[in-house]
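Below is one structure, written out as structure tokens; the observations come after it.
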Amino acid sequence: MHRRSILWGSLSAIGAALAASRANAATEAPPQKLKVVYHLDDLGKVNFVIGNIQNHLDGVGGPGNVTIALVVHGQALKAFHAAAANPDLSKHVGQLSRDGIELAACANTMKSQNIGLKDLLPGFVVAERGGVVRLAELQSRGYLYLRP
């Protein structure tokens, strides 16, 4: 008789634990949509970073499931000059822009390279106060910082 009581008590405890677990799962908020900013200043890493962004989009199921920004400054901005851009890069940048990715070019770098927004691939906006300032602004708004 004592064994039955122990068995019954154990089964009751397991059942209660499962019920509590299900109740907690039902009340948990869905995961928040991540916000991520990629920092790019190395000309040699342009294709790598663009590939990372595409992999990120693919990994989360598309642009509707994540908010991504790319901030470009320094030598890396040269890759995005419309007159000299690689056709594959131009295609990728166009798709990222259509996907709603913010493509920000540092105003300080643009000035040092003597270019305007019209000289960059379509889809870019100017980070008027500079690329590093834009990075800090986005981080203060909850964006996760990635520098591949």
Side-chain angles (χ1 to χ4, degrees), residues 9-148:
S10 296
L11 289 175
S12 295
I14 291 171
L18 287 174
S21 174
R22 286 187 186 145
N24 284 341
T27 60
E28 286 180 15
Q32 205 175 23
K33 183 174 159 181
L34 286 179
K35 299 181 293 184
V36 180
V37 59
Y38 282 82
H39 178 184
L40 176 60
D41 66 347
D42 184 341
L43 183 60
K45 289 189 175 182
V46 169
N47 290 326
F48 179 72
V49 172
I50 296 299
N52 274 193
I53 293 171
Q54 187 59 56
N55 290 342
H56 196 147
L57 291 170
D58 294 344
V60 298
N65 298 319
V66 65
T67 300
I68 295 178
L70 170 64
V71 178
V72 184
H73 67 105
Q75 293 300 307
L77 192 60
K78 290 181 178 182
F80 300 96
H81 290 197
N86 173 310
D88 286 336
L89 180 62
S90 298
K91 178 182 165 189
H92 285 298
V93 167
Q95 185 59 53
L96 293 177
S97 179
R98 287 187 292 280
D99 285 342
I101 307 302
E102 177 187 317
L103 305 168
C106 173
N108 299 324
T109 300
M110 291 172 66
K111 184 177 178 182
S112 74
Q113 293 178 6
N114 198 32
I115 61 166
L117 192 57
K118 65 179 176 14
D119 299 311
L120 295 174
L121 293 173
F124 271 88
V125 297
V126 179
E128 293 292 344
R129 298 189 310 159
V132 293
V133 172
R134 185 64 183 146
L135 288 165
E137 289 170 348
L138 292 171
Q139 288 179 73
S140 74
R141 294 181 189 154
Y143 279 68
L144 302 172
Y145 173 80
L146 295 177
R147 185 174 184 173

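Quick caveat, the model's predicted, so the values are computed rather than measured. Numbers here simply count residues along the sequence, with the first being 1. Below, all heavy atoms of this structure are taken into account, side chains as well, without hydrogens, waters or symmetry copies.
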Does the side chain of [X] reach to within under 4.5 Å of the side chain of [Y], using non-hydrogen atoms?
X: Ile50; Y: Leu70; answer: yes
X: Leu57; Y: Ile101; answer: yes
X: Leu77; Y: Cys106; answer: no

Minimum heavy-atom distance [X]-[Y], with the two atoms named:
X: Thr109; Y: Gly74; answer: OG1-N, 3.0 Å
X: Ala105; Y: Met110; answer: CB-SD, 3.8 Å
X: Phe48; Y: Pro148; answer: CE2-CB, 3.5 Å
X: Val93; Y: Pro122; answer: CG1-O, 3.9 Å
X: Ala76; Y: Leu40; answer: CB-CG, 3.7 Å
X: Gly130; Y: Asn108; answer: CA-ND2, 3.7 Å

- Any pair counted as salt bridge (charged side-chain N to carboxylate O under 4.0 Å, His left out), so long as it reaches residues 105-129, sequence neighbours left out: Arg129-Glu137
- Scan residues 37-49 for pairs that pass salt bridge (charged side-chain N to carboxylate O under 4.0 Å, His left out), counting only residues two or more places apart or in two chains. Asp41-Arg147
Rounded to the nearest 0.5 Å, what separation is found between the [atom1] atom of [X] and the [atom2] atom of [Y]?
X: Gln54; Y: His92; atom1: CD; atom2: NE2; result: 7.5 Å
X: Asp99; Y: Ile68; atom1: CG; atom2: CD1; result: 9.0 Å
X: Ile115; Y: Lys78; atom1: CD1; atom2: NZ; result: 10.0 Å
X: Phe80; Y: Leu121; atom1: CZ; atom2: CG; result: 7.5 Å
X: Tyr143; Y: Thr67; atom1: OH; atom2: OG1; result: 5.5 Å
X: Leu103; Y: Ile53; atom1: CG; atom2: CD1; result: 7.5 Å

- So with a 6.0 Å cut-off around CG of Asn114, is the heavy-atom count from everything else above 12? no
- Message: Looking at Ser97 and Gly94, would you say the former's side chain and the latter's main chain have a donor-acceptor pair under 3.5 Å?
- Response: no
- Message: Applying the side chain to side chain contact (heavy atoms under 4.5 Å, CB included) criterion to Val60, which one of Leu34, Asn65, Val36 satisfies it?
- Response: Asn65
- Message: Can you list everything that forms a side-chain hydrogen bond (donor to acceptor under 3.5 Å, both in side chains) with His56? Sequence neighbours excluded, please.
- Response: Tyr38
- Begin from the C-alpha positions of His81 and Gln113 and carry the test side-chain contact (heavy atoms from CB on, under 4.5 Å) through to its verdict. CA-CA 10 Å; His81 290 197; Gln113 293 178 6; 2.7 Å; yes
